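Start at 1 and go down the list; that is how both ligands and their atoms are numbered. Here the structure is a predicted model, which means the values were calculated and not measured.
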Amino acid sequence: MDNKVIIFDTTLRDGEQAAGASLNTQEKLEIAKQLDKLGVDVIEAGFPASSVGDFEAVRLIAQEVRKPIICALTHANAAAIDRAWEAIKEAARPRIHIFISASDIHLSYQLKKSRGEVLQTSRDMVAHAKNYTEDIEFSPMDATRAAPAYIYQILEAVIDAGATTVNIPDTVGYVTPQEFGGLIQSILLNVPNIHKAVISVHCHDDLGLSVRRGARQVECTINGIGERAGNASLEEIAMALKIRQEFFNLTTNIDTAQIYKASRLVSELTGFPVQPNKAIVGANAFRHQSGIHQDGLVKNAITYEIMDPRSVGVPASRLVLGKLSGKHGFKERLAELGYTLSREAIDHAFQSFKELADKKKEITDRDIESLVAEELRTATEMYHLDHVEVSCGDHSLPTASVRLIGPDGQNLADAALGAGPVDAVYQAINRIVGIPNKLTEFSIEAITEGIDAIGEVVIRIESEGVTYTGRGASTDIIVASAKAYMNALNRLVAKKAVTEGKA
Ligand code: KIV
Ligand code: ZN
């Protein structure tokens, strides 16, 4: 058996299914480009039949990201498969990924179909997709709660029909690692034509020991984001296979030095902060508090670090630029950090950098990341925050006035009172944009140390049952709050425009 593990990244599909994580087309493209640099083998770019926005994003990624396989997810339904193909047909290496429920629980309560009917549909739909491309992946959804004998039968049928990868999803994160490893091993033993396909694993809570039992594709997401509790995390899998090479005897194509950058980008654009104690990419992953650990580290880092932070691309926390730095230095630093922005975006980010340098003495890599993320967030917005001003204090009524630039470039201004300055700003923005929504979460954090640090605000708003996340950064926390609200509202407006067929 080959000892190469295929890394299948589904940050843009299953990852985006995390509540509140909606990304716009440009943000998805940016993440896809970073996944390409990271060296993933397959990018699951989206679910084209699910929305016009998803279709467009998959199509753009298929056109622009040429090295990895670009995969589109689809139901086992001919019209949805046709739509998936339409989105990826220009990819250098297209893949269609068909899924259908396979457990009796799903069959009786959700699909209301018999095992025989699902078996037939699976075979027919793989054959249908095969008319478009050689590379077909098939997933029997909720496989870990399905009857194993039925899974063997369905896998044999779809491999006969042309499936080249068969994915085993633990859709609801139900089984233990041992049970999951056992299922993979039993598939190898009980599906006669299994050698004609790659076995893939898709776990929602953990990776288990499946790769040791014969799986050769792992489906995962950056930072482990995804439906409910999330998916297996790409960085943890890649580093486990690298650090414990002698145990797994498996390799991947991942350039681990790109991990940190990918993690930051996904966190900034989805609005999901990375928990400090998250393995590999959390803020504390390489911090040592106790005296004994610090003593060991000074003597030799390997005493308490099983990996060098530089091997995953964690930048040394050094001061990089300041007030006197020129555009050339700024551009160079951006390149060192791995950003490839358009000339216009660099000009704009440089202007923000200069404004920041006037307020903040020392500008770190983390500040630059925040500036770039702000640049990416605002590049495609419909309403742009042009001006915000508040008056507040212990003896005054919080009052805010705001000016936005609207979709047609018009100036839109209004003012409002609120319970506090942030409420007043949000009320004033609501008077202009006029889309009812409810603020469900608000948090603020300083991204670096010091009183002059940039404050980053993450909020979630809800409208018609859908959650939208917004993020904004500034040394002024009221401005950061206003930017975060605009970011969430712009996502809401874009989604509404897509649903109503205006975009
Ligand atoms: O978790 C799951 O079952 C999925 C499938 C669509 C592969 O995401
Ligand atoms: Zn999933």
Side-chain angles (χ1 to χ4, degrees), residues 6-19 21 40-51 54 58 69-77 80-81 83-84 87-88 95-107 109-111 118 121-122 125-126 129 135-146 148 150-151 154-155 158 163-175 179-180 183-184 187 197-208 210 215-234 236-237 266 270 272:
I6 298 164
I7 299 292
F8 176 114
D9 182 278
T10 183
T11 304
L12 297 176
R13 199 279 297 170
D14 215 333
E16 214 223 2
Q17 278 175 226
V40 307
D41 302 286
V42 188
I43 295 177
E44 187 162 56
F47 189 169
S50 69
S51 73
D54 239 39
V58 175
I69 293 172
I70 305 298
C71 174
L73 182 72
T74 167
H75 308 107
N77 155 310
I81 293 172
R83 188 90 177 130
I88 52 163
R95 172 181 295 187
I96 297 177
H97 177 187
I98 302 169
F99 75 98
I100 191 164
S101 289
S103 66
D104 287 341
I105 300 175
H106 279 207
L107 263 54
Y109 295 109
Q110 204 178 7
L111 286 190
V118 167
T121 306
S122 306
M125 289 305 108
V126 168
D135 192 345
I136 307 292
E137 174 164 335
F138 176 85
S139 291
M141 191 155 77
D142 205 18
T144 50
R145 292 191 300 169
Y150 182 56
I151 294 294
I154 208 167
L155 294 185
V158 296
T164 43
T165 300
V166 287
N167 180 42
I168 313 302
D170 183 18
T171 304
V172 291
Y174 179 68
V175 286
E179 288 170 307
F180 196 58
L183 175 63
I184 302 302
I187 287 171
V198 172
I199 302 181
S200 166
V201 288
H202 179 110
C203 295
H204 273 269
D205 279 334
D206 55 61
L207 169 65
S210 43
R216 283 297 175 271
Q217 175 176 287
V218 179
E219 304 202 354
C220 45
T221 60
I222 302 289
N223 299 339
I225 63 168
E227 185 85 39
R228 301 182 317 278
N231 288 64
S233 126
L234 184 149
E236 291 174 23
I237 296 164
V266 168
T270 57
F272 289 139

If the cut-off is 4.0 Å to any non-hydrogen atom of H202, which atoms of ligand 1 fall inside it? 1 (O), 2 (C), 4 (C), 8 (O)
If you measure every N/O of T171 against every N/O of ligand 1, is any gap under 3.5 Å? yes
State, with a plain yes or no, whether a side-chain heavy atom of S200 is found less than 4.5 Å away from one of F8. no
Does any N or O atom in E219 lie less than 3.5 angstrom from one in ligand 1, N or O only? no
Closer than 4.0 Å to some heavy atom of M141 - which atoms of ligand 1 meet that? 3 (O)
Student check: side-chain heavy atoms of H202 and F99 closer than 4.5 Å: no
Taking D41 for its side chain and I7 for its backbone only, find out whether a donor-acceptor pair lies under 3.5 Å. yes
Any side-chain donor-acceptor pair under 3.5 Å between T165 and E137? no
Work out how many protein N, O or S atoms lie closer to the Zn ion (ligand 2) than 2.8 Å. 3
Scan V40, N231, V218 and name whichever one has a side chain to side chain contact (heavy atoms under 4.5 Å, CB included) with D9. V40
among protein heavy atoms, the one nearest atom 5 (C) of ligand 1 is R13 NH2, 4.0 Å
Backbone N/O of I225 and side chain of T221: donor-acceptor pair under 3.5 Å: yes
Per-residue contact class, E44 against ligand 1 - non-hydrogen pairs under 4.0 Å: neither
Taking the side chain from T171 and the backbone from M141, do they hold a donor-acceptor pair closer than 3.5 Å? no
Would you check if the side chain of T164 reaches a backbone N or O of I136 as a donor-acceptor pair within less than 3.5 Å? yes
Considering only protein heavy atoms, which is closest to atom 1 (O) of ligand 1, and at what distance to one decimal place? H204 NE2, 2.9 Å
Would a 4.5 Å heavy-atom cut-off, applied to side chains only, mark P48 and T74 as touching? no
For P169, the atoms of ligand 1 under 4.0 Å from one of its heavy atoms are 2 (C), 3 (O)
Below 3.5 Å, N or O to N or O, backbone or side chain included: is there any such pair between D14 and ligand 1? yes
Could you tell me the separation between the CD atom of E179 and the CG atom of D170, rounded to the nearest 0.5 Å? 9.0 Å
Look only at the side chain of D54 and the backbone of F47, and say whether a donor-acceptor pair between them is shorter than 3.5 Å. yes
Taking both backbone and side-chain atoms of S139, is any N or O found less than 3.5 Å from an N or O belonging to ligand 1? no
